[in-house]
2 protein chains.
Amino acid sequence: VLSPSRHRWCVTTDAVVEGVHFRRQDGRLEDVGHKALAVNLSDLAAMGARPRWFVCAVAAPALARAEVSALGRGMAALARRYRVDLVGGNVVRARELSLTVTAGGELAGRAVLLRSGAQRGDLLYVSGTLGGARLGLLSLAGALERRSLRAERRQRRPEPRVRLGLLARAHASAAIDLSDGLLRDLGHLLAASRLGAELEADRIPVDPEVMRALGGRRALRAALLGGEDYELLLAVPAARAAAFERASSRSNERVTCIGRLNPGRGVRIRDAKGRALRAPSGGFDHFARRLRG
Amino acid sequence: VLSPSRHRWCVTTDAVVEGVHFRRQDGRLEDVGHKALAVNLSDLAAMGARPRWFVCAVAAPALARAEVSALGRGMAALARRYRVDLVGGNVVRARELSLTVTAGGELAGRAVLLRSGAQRGDLLYVSGTLGGARLGLLSLAGALERRSLRAERRQRRPEPRVRLGLLARAHASAAIDLSDGLLRDLGHLLAASRLGAELEADRIPVDPEVMRALGGRRALRAALLGGEDYELLLAVPAARAAAFERASSRSNERVTCIGRLNPGRGVRIRDAKGRALRAPSGGFDHFARRLRG
């Protein structure tokens with residue numbers, strides 16, 4: 001039973017599934033619990049909501065008591081940190097392990113961040129650094145010469161940008177969290193706001209370790225296309241940009257301006273000299289295919 | 001984004017999983033969609049809450065567009081009937097199909113029904129009839145001489161007792177919905193309220209078709225132990241019983257008094273002549289095992 005609220009609410013739901021979002025052999029069930037909650041808090045952060053409660057439905061083959069505790073510990077540590085209460089749950093039998101979390105957040109004041117609020121001319125900001133989760137996945141798959149425990153941790157224990165989301169409400173016109181990868185999630189935001197975008201390649205905050213491990217070109221790809229970084233992508237009106245940067249800096253939240261929204265279609269990426277890296281003639285999906293290929 | 005509310009809220013989550021709650025070959029995905037929402041509305045009904053919104057997370061192998069629509073149609077029809085809004089969702093890949101629904105309900109006024117509120121001397125009421133879902137399961141499994149489409153429908157498309165839950169708030173001291181079976185769910189209520197109970201076997205509203213198909217003794221077992229009827233079990237103070245019965249009757253909600261709570265431990269069941277049908281010496285679980293055996 002939740003108390004009445006004079007604020008509006010957001011509710012979000014997201015699942016992590018064995019074989020899709022994690023492999024049992026990669027590790028600790030604490031991490032699975034953490035991630036199941038973190039991806040939902042990240043969604044709430046992207047709406048500028050303060051997380052308040054969550055429920056968790058576990059589908060699992062027979063789990064040992066110790067395994068259930070491990071899932072719970074991972075969730076509880078993160079929940080405590082953001083003062084979000086577990087208010088219900090459910091366990092059912094299933095062949096594969098999955099956790100479906102639904103989380104609710106409070107929207108104090110009038111502002112809410114949606115994907116659809118962006119305006120032409122808005123500056124595009126991204127939080128933190130990109131590509132780390134992708135490097136982690138490569139590392140977990142044994143595809144790197146040298147394993148990167150830091151990147152693996154990044155992949156398995158994403159940090160939701162809750163504080164940044166809350167402070168961004170006063171400045172940003174739209175936001176989305178990066179679960180599918182920068183280009184794909186930018187595509188969602190552009191579709192919802194009916195806009196195009198121009199990105200500056202050399203401004204994209206590629207994780208330095210990704211740069212070292214993969215080299216410039218592959219690192220940029222990892223930053224543009226690799227998913228699961230759970231950073232925030234924000235559209236900020238130019239007139240609010242300075243105030244937004246100051247507020248972020250005061251809260252030790254790293255944000256980087258990577259481009260600008262325009263009234264066109266699709267995404268253009270320019271290098272330091274202003275040359276188009278690619279002309280995404282077929283729109284985002286086509287572009288992504290070519291970058292991947 | 002949900003509006004502010006001056007009322008308290010309940011949130012509940014429950015999943016239906018292929019191979020556990022339904023078999024793909026048994027039928028229509030509409031029914032799966034219906035059931036996924038219905039079991040959650042039933043949970044809210046047992047708390048006396050008015051359902052307002054739900055989110056649905058689908059985990060599925062590649063689904064055809066038509067299959068997704070079918071799931072949606074089953075959910076939408078029920079959602080419209082109870083005026084509950086789908087406010088979010090998520091789809092992930094998985095080896096088996098499962099739907100996890102989280103639903104929120106509003107608690108107008110001060111009352112809320114919990115499992116833990118029952119008092120010694122309260123009368124036990126159950127809604128509708130029992131055993132039908134179990135008969136449906138037998139029918140679907142081909143275990144009956146003659147298939148019962150009505151019982152199959154009962155198993156696949158349970159009707160949440162939302163109206164009864166709402167009206168019961170003014171009268172009942174505790175409630176639970178019957179998902180695991182009368183004796184097991186009564187056990188949950190007794191454990192939460194630290195009480196025992198005495199049931200009168202001949203008052204238990206066994207579904208007449210179950211009686212005909214299985215005969216007296218097996219039918220009583222189906223009513224006591226068969227799950228998924230999604231009726232409500234309510235504890236009502238004796239002083240409120242007449243008013244509760246009148247209110248239920250006015251709303252065309254069938255309720256039957258089946259026994260009474262006492263300060264003891266466990267459940268005793270008596271026949272029409274007052275003889276103990278079983279002496280559940282080892283408590284509920286032991287008793288259930290013996291009834292099953």
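Side chains are part of it too, since the values below use all heavy atoms of this structure and drop only hydrogens, waters and symmetry mates. Numbers restart at 1 for each chain; the letters A, B, ... are given by sequence-line order, proteins then strands.
- Applying a 4.5 Å heavy-atom cutoff, none of the residues of residues 157-166 of chain A approach chain B.
- For chain A, the option among B:Ala94, B:Cys10, B:Gly19 with the highest count of heavy-atom pairs below 4.5 Å is B:Ala94.
- Across all their heavy atoms, A:His171 and A:Val236 have their closest contact at O-CG1, 4.0 Å.
- In the displayed structure, A:Arg240 atom CZ is contacted under 6.0 Å by more than 12 heavy atoms of other residues, nucleotides or ligands.
- Put simply, the side chain of A:Asp185 gets close to the backbone of A:Gly181: a donor and an acceptor are under 3.5 Å apart.
- Panel note: side chain A:Ser179, backbone A:Tyr230; no donor-acceptor pair is recorded below 3.5 Å.
- When all heavy atoms of B:Leu113 and B:Ala168 are compared, the closest pair comes out as CD1-CB, 4.2 Å.
- Heavy-atom neighbours of A:Arg154 CZ from other residues, nucleotides or ligands within 6.0 Å: above the threshold of 12.
- Within the 4.5 Å cutoff, no side-chain heavy atoms of A:Val17 are placed close to those of B:Arg93.
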Which atom pairs, donor and acceptor, lie under 3.5 Å between side-chain atoms of residues 41-61 of chain A and protein residues at least two apart or in another chain?
| unit_1 | atom_1 | unit_2 | atom_2 | d |
| --- | --- | --- | --- | --- |
| A:Ser42 | OG | A:Asp177 | OD2 | 2.7 |
| A:Asp43 | OD2 | A:Thr12 | OG1 | 3.0 |
| A:Arg52 | NH1 | A:Glu106 | OE1 | 2.5 |

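- When heavy atoms are compared at a cutoff of 4.5 Å, B:Ser98 does not approach chain A at all.
- When every heavy atom of B:Ser116 is checked against every heavy atom of B:Ala192, the shortest pair comes out as CB-O, 3.5 Å.
- Applying the ring-ring contact (aromatic ring centres under 6.0 Å, His included) rule to B:Tyr125 yields the partners B:Phe244; only residues at least two apart in sequence or on another chain are considered.
- Contact annotation for residues 69-91 of chain B against chain A (heavy-atom separation below 4.5 Å, listed by residue number): B:Gly89, B:Asn90.
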